[in-house]
Amino acid sequence: MSIKLTSIDSGYIGNIGAWKNFFHHYINSPYIENYLKTNFKSDDPDFDLSLIKTKIEKIMEEDSVSNEEIDALEKRLKTHLPRSYKDFLRANGVQFYNVIYFLSVTFIKMLSIDDIDYFTKKDKNHKNYMKEFIEYLNYAEEKYIVENYYSYNDYSTSINLYNGMNNPKLKPSNLALGELSFGLISDKKDAYRKAITLDSSEVPSAILIPDELTADGEMEAWMLEDSDIYRFRSFAEFFINNLFFAHDMPMYSFIGKQSTEIESLLSQSKKTASEYLSLHGVDNILDFDVLKATAIVR
């Protein structure tokens, strides 16, 4: 392979405070607020976003996952978890995320620290489903895919949705945030079999790959949706992508689908993708300059 994951920096620069700051900005964002009001008011005229905000602020004040609990989890899994995920746990990220799950912003519900385990351990309820899932994934052996397994495609085919090129309400920018390459390769089957699942779905949707590490020690992260697998350089990148890009949040999918209020807000602001994410504190979690430098096939 021309590019190795171990030569790529994930761009993760966050800490516990940065995650909590992001949670606060996210739930108080005018874009998110309009999205939630639009989607929930139609189903529940008594929907009160202020109650959700209060709940999340209380979560931020509660005792977080301790270092001892994380050490015990790593000992049980016999691996060192990536810093972005451990910071997320210590910031009460699971509790925050599961409130967002209740609001149908994401289809993924995170497991508590006591329930995190290896992907194949799910087989106790599903016989050999998970083992067979890995065995029969759609593996691509084309030279181009193998050589570019740890890289992005060009702008026009891979990250155009993330840099605003297809969105007239966002200025173009060269932010590179999204999925690594495309396809899976059979040489990595052993690494795939060691995957750790982070969510409570019967068929896991949030996954870490312990044997696939970046230069700064982040694990490759996967999001599974139906039959599609999306690969990311870190848990942090997976998380941000899932909240902003994957599920019709007002980043690019709002055109013709969301409220006129959101369209008005975005047309007035005319933000680039990186500016939009910075409004929510994402630039304190991911270094955009590093993302741009390490995520593009040159």
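Residues Ile185 and Ile8 are members of one and the same hydrophobic cluster, defined by side-chain heavy-atom contacts under 4.5 angstrom among Ile, Leu, Val, Met, Phe, Trp and Tyr.
Among Tyr26, Tyr85, Phe239, the one residue that satisfies the ring pair (Phe, Tyr, Trp, His ring centres under 6.0 Å) test with Trp19 is Phe239. With Trp222 as the partner, the side-chain contact (heavy atoms from CB on, under 4.5 Å) test is satisfied by one option alone out of Phe238, Tyr192, Phe232, Phe119: Tyr192.
Salt bridge annotation for Arg76-Asp117: present, with a cationic side-chain nitrogen under 4.0 angstrom from a carboxylate oxygen.
Using a 4.5 Å cut-off on side-chain heavy atoms (C-beta onward), Leu89 and Val94 make contact. Annotation: side chain of Ile100 is in contact with side chain of Ile27 (closest heavy-atom distance under 4.5 Å). Taking the side chain as every heavy atom from C-beta outward, Val290 and Ile13 never approach each other to under 4.5 Å. Counting only heavy atoms from C-beta outward, the side chains of Asp211 and Asp190 never approach each other to under 4.5 Å. The side-chain heavy atoms of Phe288 and Val282, taken from C-beta on, include a pair separated by under 4.5 Å.
Side-chain N/O atoms of Thr214 and Asp216 include a donor and acceptor closer than 3.5 Å. Between the side chains of Asn67 and Arg90, at least one donor-acceptor pair of N or O atoms lies under 3.5 Å. Side-chain contact of Glu69 with Ser66: a donor-acceptor pair under 3.5 Å is present, judged by distance alone.
Here the NE2 atom belonging to His80 is positioned 13.0 Å from the CD1 atom belonging to Ile70, to the nearest 0.5 angstrom. Here OG of Ser186 is found 11.0 Å from NZ of Lys188. Values are rounded to the nearest 0.5 Å. Between the CD atom of Glu237 and the CE atom of Met223 there is a distance of 11.5 Å, given to the nearest 0.5 Å. Note that CG of Leu77 and OH of Tyr118 are 5.0 Å apart. Values are rounded to the nearest 0.5 Å. With rounding to the nearest 0.5 angstrom, the CD1 atom of Ile16 is 12.5 Å from the CZ atom of Phe88. Rounding to the nearest 0.5 Å gives a distance of 11.5 Å between CG of Asp87 and CG of Leu81.
Lys189 NZ: more than 12 foreign heavy atoms inside a 6.0 Å radius. Summarising the local packing, NZ of Lys109 is surrounded by 12 or fewer heavy atoms from other residues, nucleotides or ligands at distances under 6.0 Å.
At distances below 3.5 Å, not a single donor-acceptor pair connects side-chain atoms of Glu220 with backbone N or O atoms of Arg231. Judged by distance alone, the side chain of Glu57 and the main-chain N or O of His24 form no donor-acceptor pair under 3.5 Å. Looking at Asn21, its side chain never comes within 3.5 Å of a backbone N or O of Gly17 through a donor-acceptor pair. Not one N or O on the side chain of Asn92 forms a donor-acceptor pair closer than 3.5 Å with the backbone of Gln95. At distances below 3.5 Å, not a single donor-acceptor pair connects side-chain atoms of Glu218 with backbone N or O atoms of Pro82. Between the side chain of Asn98 and the backbone N or O of Tyr101 there is no donor-acceptor pair closer than 3.5 Å. Looking only at distances, no side-chain donor or acceptor of Arg233 sits under 3.5 Å from a matching main-chain atom of Leu5.
Nearest approach of Ala206 to Asp199, heavy atoms of both residues: N-OD1, 2.9 Å. Summarising the geometry of Ile116 relative to Thr197, their closest heavy-atom pair is CG2-O, 3.7 Å, with the distance given to 0.1 Å. Taking each heavy atom of Leu208 and Pro210 in turn, the nearest pair found is O-CD, 3.4 Å. Between Ser234 and Leu286, the shortest heavy-atom distance links the atoms OG-CD2, 4.4 Å. Between Glu74 and Lys86, the shortest heavy-atom contact is OE2-NZ, 3.2 Å. Summarising the geometry of Ile285 relative to Phe22, their closest heavy-atom pair is CD1-CB, 3.7 Å, with the distance given to 0.1 Å.
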| field | Criterion side-chain contact (heavy atoms from CB on, under 4.5 Å) on Thr79 and Met219, from CA distance to verdict | value | CA-CA 11 Å; Thr79 191; Met219 289 181 187; 3.9 Å; yes
